[in-house]
Amino acid sequence: LTFSEDTLFFDTLFTTLGSTTQWLTIYNQNKKAIEISSIELGMGNQSPYTLYINGKKGSIFSDQLLLGGDSVLALVEVTVDPMDQDLPFLVKDSLVFTVNGNRQNVKMITWGQDAHFIQTLTVKKDTTFTANRPFVVYDSLVVDPAATLTIEAGSQLFFADNAILIMYGNLQVQGTTEQRVLFTNIRQDGAYAQALGQWQGLAFGTGSKKNAINFANIRNAEFGIYKEGALNSIPDSVEVIIANCIIENMSVGGIIAFNAHMKVYNTLVDNCVGYVVGNFAGGNYSYQHCTLANSNSNRQFIRQGPVIEFTDTTGAATVNPLHIVLKNSIIWGNLPDELVLEEVHEGSTYEIKNNFIKTNNPVFEADNIINTDPEFINPEAYNYHLDTTSQAIDKGILLKIGTDLDGNARDTLPDLGAYEFIKE
């Protein structure tokens, strides 16, 4: 017999959570028929793997006739049992084929991972999540107004379909350059690794203040950050700081806020169906050294908004003044106008300077570089570093942001966007 693969690899799986299906094609390349005496799991009924032949489930299949030049498809799944240990562990078995007394095998390899499993949890007192094991949220993780949730460097949070983190209290994400904090979908095998909208996202209520998210990756949700603010006054202090973060693959938007007070720097937000950044109904917003892009035309969705929309309205009503600071950033995509500033009334202010902007709006021409391709290295592979010939290199002004998203030092002529070009 010959096989389409000599080894079936399964991505790292959380214990008790079944895998997607892997398939193996078994070929008889001889002219004559072969009778396969047995196809079986090496560990038999004790195997964590499940085998299907011709649509039937079993640990052993006997006397399978395979005609000359024909093939048969074997389907394999795996469910990993808990081991009560922090580090990933190896789960192995083999498919064993016996023909005329000769044995052949195809290996099966999976990494298993124990986790802290959360169905529905309301955090009512100060709590710290550590990085010893991942956290898997099946429904909701809610933080009460009087509580602070601290997430230590290197922690990983995985969310099931429609799961959400809701902050009424305070969130402190303490990632570092070397140990980023991860918020993502529960499935990471196959197409799930990059699929949009697999969980809801991080939502912050009206009373949630002084949140800090540092060195975090937020991926594959409906929205990355959603912040509700009061519609009758502008918050007087920063409610959410987003620093050194990567927010990407959102089916709704990256950073969505209503009359909030937010500070964002050294952050990449990309690949969103709706707005990369949508700030509505007024508020205070600062974006410095950010890369905000929807430039990858190979993604399988139709865009529904510009990269950025700032407005002081919600619906038909003017609500609150809008105060915008946007500096040393890149706003880029494949639409003619990627920065939309709407319904700004007399009380609103904006300082939009020293940016790369894709736009046909002449109001931005005086203080920014307009419609010049920033030349990202490979946005199709999520690489938004600047290429060697990028015109965004050395075009920034000095701000109090001494290192970039990778932790590299910026020089006296900083580059635009979240990444400093490092000369070799």
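Just so it is clear, the structure is predicted and the values come from calculations on it, not from any experiment.
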Note to self: For Tyr287, give me all partners under ring-ring contact (aromatic ring centres under 6.0 Å, His included), at least two apart in sequence or on another chain.
What the structure shows: none
Check: Will you find, in the side chains of Glu222 and Ser251, an N or O donor that is under 3.5 Å from an N or O acceptor?
Finding: no
Next item on the list: Can you label the angle between the Phe310 ring and the Tyr285 ring as parallel, tilted or perpendicular, going by 30° and 60°?
Entry: parallel
Next item on the list: Sequence neighbours left out, what passes salt bridge (charged side-chain N to carboxylate O under 4.0 Å, His left out) with Glu351? Give chain and number order.
Entry: Lys327
Item checked: Leu399 side chain near Tyr265 side chain, heavy-atom distance below 4.5 Å -> no
Validation: residues 84-93 side-chain donor-acceptor distances under 3.5 Å, sequence neighbours left out:
from, atom 1, to, atom 2, distance (Å)
Asp84, OD1, Arg133, NH2, 2.9
Gln85, NE2, Leu87, O, 3.4
Asp86, OD1, Arg133, NE, 2.6
Asp93, OD1, Gly42, N, 3.3
Asp93, OD1, Met43, N, 3.2
Asp93, OD2, Met43, N, 3.3
Asp93, OD2, Ser47, OG, 2.7

Checklist line | Residues forming a side-chain hydrogen bond (donor to acceptor under 3.5 Å, both in side chains) with Asn105, sequence neighbours excluded | finding: none
Next item on the list: Test Ile377 against Asp387 for side chain to side chain contact (heavy atoms under 4.5 Å, CB included), laying out the working first.
Entry: CA-CA 5 Å; Ile377 289 179; Asp387 210 342; 4.3 Å; yes
Check: Any chance the side chains of Asn266 and Arg410 put a donor and an acceptor closer than 3.5 Å?
Finding: yes
Checklist line | side chain to side chain donor-acceptor pair (under 3.5 Å) pairs, two or more places apart, involving residues 354-363 | finding: Asp337-Thr359, Asn355-Asn368
Checklist line | salt bridge (Lys or Arg N to Asp or Glu O under 4.0 Å) pairs, two or more places apart, involving residues 3-18 | finding: none
Note to self: Between Asn220 and Tyr192, is there a side-chain donor-acceptor contact under 3.5 Å, judged purely by atom types and distance?
What the structure shows: no
Next item on the list: Determine the minimum heavy-atom distance between Glu77 and Thr21, stating which atoms define it.
Entry: OE2-OG1, 2.8 Å
Next item on the list: Kindly indicate, with the supporting measurements, whether the criterion ring-ring contact (aromatic ring centres under 6.0 Å, His included) is fulfilled by His116 and Phe135.
Entry: CA-CA 5 Å; His116 303 289; Phe135 292 81; 4.7 Å; yes
Next item on the list: Kindly determine whether Glu338 and Arg303 satisfy salt bridge (Lys or Arg N to Asp or Glu O under 4.0 Å), including the steps that lead there.
Entry: CA-CA 12 Å; Glu338 295 288 13; Arg303 291 182 56 190; 2.8 Å; yes
Next item on the list: Among residues two or more places apart or on two chains, list those pairs meeting side chain to side chain donor-acceptor pair (under 3.5 Å) that have a residue in residues 389-402.
Entry: Glu375-Thr389
Checklist line | Partner set under ring-ring contact (aromatic ring centres under 6.0 Å, His included) for Phe3, not counting sequence neighbours | finding: Phe97
Next item on the list: Under the ring-ring contact (aromatic ring centres under 6.0 Å, His included) rule, collect the residues that match up with Phe280, sequence neighbours excluded.
Entry: Phe258, Tyr275
Checklist line | With Phe356 via ring-ring contact (aromatic ring centres under 6.0 Å, His included) - residues at least two apart | finding: none
Note to self: Applying side-chain hydrogen bond (donor to acceptor under 3.5 Å, both in side chains), can you list everything that pairs with Glu40, at least two apart in sequence or on another chain?
What the structure shows: Ser38
Item checked: Among Asn328, Asp415, Thr267, the one residue meeting side chain to side chain donor-acceptor pair (under 3.5 Å) with His289 -> Asn328
Margin query: My understanding is that only residues two or more places apart in sequence, or in another chain, count here; which of them pass side-chain hydrogen bond (donor to acceptor under 3.5 Å, both in side chains) with Thr403?
Written below: none
